*Asks:* 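Okay, handing you the structure first.
All values reported here derive from a predicted model rather than from experimental measurement. Just so you know, these numbers use all the heavy atoms, side chains as well, and skip hydrogens, waters and symmetry mates. For ligands, and for the atoms within them, numbers begin at 1 and follow the listed sequence.
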Amino acid sequence: PKARKSEYELYTFNTWLFGEERRGTLDTELATVLSSISVACKQIAAAVGRAGISSLTGVAGTGENVQGEEQKKLDVISNDIFSLCLRNCGRTGVIASEEEENPIGVEETTSGNYIVVFDPLDGSSNIDAGISVGSIFGVYSPAEECIVDMDDPEKTLASCITNVCQPGKNLLAAGYVLYSSCTILVLTIGDGVYGFTLDPYVGEFVLTHDRIQIPEKGKIYAFNEGNYELWDDATRSYIDSLKKPELWDGKPYSARYIGSLVGDFHRTLLYGGIYGYPGDKKNANGKLRLLYECAPMSMIAEQAGGLGSTGTERVMDIVPTKVHQRVPLFVGSPAEVRYLESFTKKAQA
Ligand code: P6P
């Protein structure tokens with residue numbers, strides 16, 4: 001991190017936000033939104049860390065969410081925490097959550113009017129086993145057409161998401177928080193990728209990764225090979241090739257997959273390699289959602305020198321049609337993603 005003036009100087013997330021405001025890379029309104037997200041994630045970190053103690057493991061008993069996944073207690077709690085922080089910061093106009101069927105118009109907006117999409121607790125099936133989970137978010141720029149008519153919110157909300165939340169045009173900020181051996185916030189506002197580790201004694205995120213660069217090439221792939229028989233031939237041939245020692249100077253790739261996108265992605269970002277969730281015979285577009293999983297991770301990857309692809313197109317080029325729209329995702333080092341595309345694009349041709 002930057003040179004410290006004194007051993008007592010703490011380069012916190014808010015210090016960084018003030019610095020970016022001075023540099024003109026973001027305005028005070030967006031800084032307020034990002035600061036409120038960091039508070040939400042500190043609260044979620046505390047809840048996740050104490051899940052077993054305060055009997056927050058297990059299912060919520062609320063049945064399935066819009067994704068058809070059984071909600072965990074912490075899914076509901078994390079969603080409430082995220083929504084409340086975003087409402088109370090007064091700078092958001094629309095929020096869309098993985099846990100909510102429809103986007104929500106925020107009545108507490110005083111200014112800013114940003115659109116925030118988020119997956120409050122991704123990988124929550126890992127919670128009861130104490131395995132890493134994470135929160136993922138994206139902040140889209142405000143737009144006239146997203147100023148919600150509170151007398152008829154439905155009319156505005158759907159069009160707002162599809163017309164405004166275009167990753168390549170309006171995604172201003174993308175980030176995630178990994179709740180693991182450390183709690184780390186990783187963020188880009190379009191000018192590099194930064195990592196902030198939570199200091200539990202101070203309760204602040206402290207800058208620990210200044211302008212993360214993903215390795216050009218890695219040696220790890222993260223795919224759920226349990227789906228191998230469901231994949232298309234191109235994906236299978238790609239994975240088969242990663243295992244051939246003769247193709248890699250006698251050292252084939254290693255497989256690492258923890259079933260939590262944030263954990264698998266964060267390792268890929270720092271160590272290099274590829275994370276993939278392909279389409280398959282059951283779900284042609286795979287499992288991951290464009291707006292609050294694939295687009296934020298792809299923006300971060302690109303800002304760190306990597307790539308985010310569906311196998312046939314750049315994720316950031318996709319214009320969404322639905323808030324929970326799914327797309328295949330291949331994200332990570334340029335070498336691995338380009339090599340994957342050499343299989344998928346050939347098959348497409
Ligand atoms: P599968 C978690 O449900 C998630 O959305 C990602 O965090 C994770 O990478 C993926 O799905 C795991 O899905 O089908 O491999 O269990």
*Asks:* Enumerate the disulfide (SG to SG under 2.5 Å) contacts for residues 39-91, please, sequence neighbours excluded, ordered by first and then second residue.
*Replies:*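 Not a single pair qualifies under disulfide (SG to SG under 2.5 Å).
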*Asks:* What are the distances between nitrogen or oxygen atoms of ligand 1 and protein nitrogen or oxygen atoms, counting only those under 3.5 Å?
*Replies:*
unit_1	atom_1	unit_2	atom_2	d
ligand 1	3 (O)	Lys287	NZ	3.3
ligand 1	5 (O)	Asp122	OD1	3.4
ligand 1	7 (O)	Asp122	OD1	3.4
ligand 1	7 (O)	Asp122	OD2	2.5
ligand 1	7 (O)	Leu261	N	2.7
ligand 1	9 (O)	Leu261	N	3.3
ligand 1	9 (O)	Tyr275	OH	2.8
ligand 1	11 (O)	Lys287	NZ	3.1
ligand 1	13 (O)	Lys287	NZ	3.0
ligand 1	14 (O)	Tyr277	OH	2.6
ligand 1	15 (O)	Asn224	ND2	2.9
ligand 1	15 (O)	Tyr257	OH	2.6

*Asks:* Does the ring centre of Tyr292 sit less than 6.0 Å away from the ring centre of His324?
*Replies:*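 Under 6.0 Å, so yes.
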*Asks:* Return yes if some donor-acceptor pair links the side-chain N/O of Asp27 with the main-chain N/O of Glu29 below 3.5 Å, else return no.
*Replies:*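 Judged by distance alone, yes, a pair lies under 3.5 Å.
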*Asks:* Applying side chain to side chain contact (heavy atoms under 4.5 Å, CB included), name anything that partners Thr162, two or more places apart in sequence or on another chain.
*Replies:*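 Side chain to side chain contact (heavy atoms under 4.5 Å, CB included) list for Thr162, sorted by chain: empty.
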*Asks:* Pairs under 3.5 angstrom only: tabulate donor-acceptor contacts from the side chains of residues 338-347 to other protein residues two or more places apart or in another chain.
*Replies:*
unit_1	atom_1	unit_2	atom_2	d
Tyr339	OH	Ser241	OG	3.0
Glu341	OE2	Ser309	OG	2.6
Ser342	OG	Tyr339	O	2.4
Thr344	OG1	Gly311	O	2.6
Thr344	OG1	Leu340	O	3.3
Thr344	OG1	Glu341	O	3.4

*Asks:* Around atom CD of Glu107, are there more than 12 heavy atoms of other residues, nucleotides or ligands at under 6.0 Å?
*Replies:*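 Count not over threshold, so no.
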